[in-house]
Novice: 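If you scroll down you'll find the structure; I have some questions about it.
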Protein chains: 2
Amino acid sequence: MSTATVPARKSFRETQFEVREEAILAATNRLLASRGYELMSMDDIAAEVGIAKGSLYRHFESKEALAAAVMVQLLERTQEALAALPADLSARGKLAQLLRWTLAERLAGGVPHLPSTSPTLRDSLLANRAYMDRLMALSEAVGGMIRQARRDGHLRADMSEEFVLFTIYARSCDPTMDFLKATGSLSDEQIVEQMVSACFDGIGATGPAATSDGAKR
Amino acid sequence: MSTATVPARKSFRETQFEVREEAILAATNRLLASRGYELMSMDDIAAEVGIAKGSLYRHFESKEALAAAVMVQLLERTQEALAALPADLSARGKLAQLLRWTLAERLAGGVPHLPSTSPTLRDSLLANRAYMDRLMALSEAVGGMIRQARRDGHLRADMSEEFVLFTIYARSCDPTMDFLKATGSLSDEQIVEQMVSACFDGIGATGPAATSDGAKR
DNA sequence: GTCTATACTGAGATAGAC
DNA sequence: GTCTATCTCAGTATAGAC
């Protein structure tokens with residue numbers, strides 16, 4: 001009988017291939033987080049993984065495709081983190097927890113620098129079905145939480161759902177975190193808490209002392 | 001007698017040279033704002049100004065020096081905006097107004113994309129005396145306003161001066177603005193006001209309904 | 001000082017041996 | 001499939017004519 005009768009068992013080579021692919025994705029993730037898309041070269045990735053540059057192209061057909069694969073992984077991890085949130089949490093509590101998770105992940109070096117204004121990368125992502133599907137699914141899930149939190153009266157009524165969504169998304173690439181990390185005066189946990197608090201409550205004091213700030217025009 | 005006896009009158013050629021230099025700086029500013037440092041090429045700048053690429057190097061010795069000159073201009077414009085604030089405004093009011101000015105400037109396409117993680121550019125800026133002097137002067141001025149606003153009870157006491165400073169600085173490159181601009185559902189003025197409000201007051205509702213959000217750990 | 005033309009480098013991608 | 005070697009192109013910077 002041929003070996004074809006053995007069904008799902010993967011060969012050693014196949015396993016090796018997948019392990020290597022994961023290593024490539026992990027290395028790319030790190031480099032994308034630390035340097036961003038433009039400053040990350042395929043040579044860097046190959047060196048970090050410890051393979052030849054040419055081999056990268058057996059796994060991913062281009063730098064853009066590789067970056068997209070990393071972004072897909074990030075969106076999937078985020079969805080998992082979202083699904084793992086305690087069900088008894090309020091919508092606002094979930095939003096805050098999700099933000100905490102993202103910021104902690106970023107501090108651990110796990111979140112690619114998104115604001116790459118590279119038009120080619122942008123187009124490549126927009127054309128990537130896997131990426132767009134996951135992005136829309138995540139946005140819909142978070143959007144639902146935002147709508148619920150607004151119904152609960154936990155989010156400001158004068159800000160649109162889309163504004164809140166963008167604001168929360170943008171925190172994942174806020175350079176404030178890099179500055180704070182660089183000064184070293186706060187622990188990672190403190191950084192995360194202050195960022196979350198600043199996002200939801202602002203930097204201004206509330207209460208009687210802050211009512212007449214003269215800033216309204 | 002030689003023409004050296006004629007003192008401060010600039011020749012036509014000198015004026016032309018300065019006019020051209022201003023055009024170079026303006027073009028670089030635009031490109032830096034739209035694409036960022038890495039994606040802006042010297043070819044782009046030359047084409048935008050309408051001169052030969054080689055001529056750029058008669059004005060600025062390198063791409064880094066050119067970017068630094070643009071950043072110096074930005075810091076100087078910011079200082080001027082700060083000096084022009086109404087004296088009767090509270091410290092918090094001034095901070096808010098300065099933030100408004102910066103965001104409006106950014107929407108008008110006038111603020112270079114700072115978060116360039118290019119190590120060479122970073123080092124170049126850190127070594128640039130003109131840039132560092134102005135950056136420190138501005139930080140000191142804004143820092144003074146933050147300290148005053150805290151004394152007034154207009155800023156949260158549980159956030160450090162440096163955290164507030166970074167948070168305000170970071171708004172000038174917040175991608176939320178790009179998203180909002182792209183959707184087109186808000187006018188520029190509305191975008192600015194919402195950003196300022198989100199920065200100082202947060203996205204969360206205040207008052208009794210928001211007190212128990214279940215997000216504290 | 002400005003132009004055209006070019007040297008040099010880094011980086012994305014491919015070819016061909018094994 | 002992985003390697004080494006190479007192609008190609010974009011981009012910074014410089015050289016030389018005018």
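Nothing here was measured: the structure is a model prediction, and the numbers come from that model. Note on naming: letters A, B, ... go to the chains in the order of the sequence lines (proteins, then strands), and numbering restarts at 1 for each one.
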Novice: Distance only, no hydrogens: is a donor on one side chain within 3.5 Å (strictly under) of an acceptor on the other, for S124(A) and Y131(A)?
Specialist: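 No, because no side-chain N or O of S124(A) sits under 3.5 Å from a partner of the opposite role on Y131(A).
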
Novice: How about S197(A) and R156(B): does a side-chain donor come under 3.5 Å of a side-chain acceptor?
Specialist: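 Yes, because at least one side-chain N or O of S197(A) sits under 3.5 Å from a partner of the opposite role on R156(B).
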
Novice: Let me know the distance between CZ of R20(B) and P of dG1(C), rounded to the nearest Å.
Specialist: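 Atom-to-atom, R20(B) to dG1(C), this comes out as 12 Å.
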
Novice: Between R171(A) and D174(A), is there a salt bridge with N-O shorter than 4.0 Å?
Specialist: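 Judged by the 4.0 Å cut-off on N to carboxylate O distance, D174(A) and R171(A) do form a salt bridge.
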
Novice: Between dC3(C), dC3(D), dA11(C), spot the one nearest the side chain of S41(A), thanks.
Specialist: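 That would be dA11(C).
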
Novice: If you compare every side-chain N and O of S55(A) against the phosphate oxygens of dG1(D) (OP1, OP2), does one of them come in below 4.0 Å?
Specialist: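 For S55(A), the contact criterion (side-chain N or O under 4.0 Å from OP1 or OP2 of dG1(D)) is not met.
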
Novice: Rounded to the Å, how far apart are L56(B) CG and dT14(D) P?
Specialist: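 To the nearest whole Å, that distance equals 13 Å.
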
Novice: E38(A) has an atom CD; how far is it from atom P of dG10(C), in whole Å?
Specialist: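 Going from CD in E38(A) over to P in dG10(C) covers 19 Å.
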
Novice: Taking atom types as modelled, find out whether S41(B) and D44(B) have a side-chain donor-acceptor pair closer than 3.5 angstrom.
Specialist: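 Yes, because at least one side-chain N or O of S41(B) sits under 3.5 Å from a partner of the opposite role on D44(B).
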
Novice: Quick check for you: to the nearest 0.5 Å, what is the distance between E189(A) atom CD and R100(A) atom CZ?
Specialist: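 Separation between the atoms: 12.0 Å.
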
Novice: With the sugar-phosphate defined as primed atoms, P, OP1 and OP2, and the base as all remaining atoms, what B/S/- string results for nucleotides 13-18 of chain C, 5' to 3', for protein heavy atoms under 4.0 Å?
Specialist: BB----

Novice: Quick one: closest heavy-atom pair of L99(B) and I168(B), and the distance?
Specialist: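 Of all heavy-atom pairs spanning L99(B) and I168(B), the closest is CD1-O, 4.1 Å.
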
Novice: Is H59(B) near enough to dG1(C) that one of its side-chain N or O atoms lies under 4.0 angstrom from OP1 or OP2?
Specialist: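 So the side chain of H59(B) is outside the cut-off, no N or O lying under 4.0 Å from OP1 or OP2 of dG1(C).
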
Novice: Any residue in residues 22-37 of chain A with a heavy atom nearer than 4.0 angstrom to DNA chain C? Just list them by number, or reply none.
Specialist: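 None - not one residue of the stretch has a heavy atom sitting under 4.0 Å from the strand.
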
Novice: Counting side-chain heavy atoms from C-beta on, which of dG11(D), dG12(C), dT2(C) comes nearest to D43(A)?
Specialist: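 The answer is dG12(C).
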
Novice: Report the distance from atom CZ of F17(B) to atom P of dC3(C), rounded to the nearest whole Å.
Specialist: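 To the nearest whole Å, that distance equals 12 Å.
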
Novice: Tell me the closest heavy-atom pair linking A149(A) and L95(A), and the distance in Å.
Specialist: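 Smallest heavy-atom distance, with atoms named: CB-CD1, 4.3 Å.
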
Novice: Rounded to the Å, how far apart are L66(A) CG and dG12(C) P?
Specialist: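 My rounded result for the distance is 11 Å.
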
Novice: Can you tell me the distance, in whole Å, between the CD atom of E21(B) and the P atom of dG1(C)?
Specialist: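 After rounding, the reported distance stands at 11 Å.
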
Novice: Salt-bridged, R147(B) to E161(B), with N to O below 4.0 Å?
Specialist: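 Yes.
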
Novice: What is the distance, rounded to the nearest whole Å, between atom CZ of F12(A) and atom P of dG1(D)?
Specialist: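 Atom-to-atom, F12(A) to dG1(D), this comes out as 14 Å.
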
Novice: E21(A) side chain to F60(A) main-chain N or O, any donor-acceptor pair under 3.5 Å?
Specialist: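 Side chain of E21(A) to backbone of F60(A), a donor-acceptor pair under 3.5 Å: no, none is there.
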
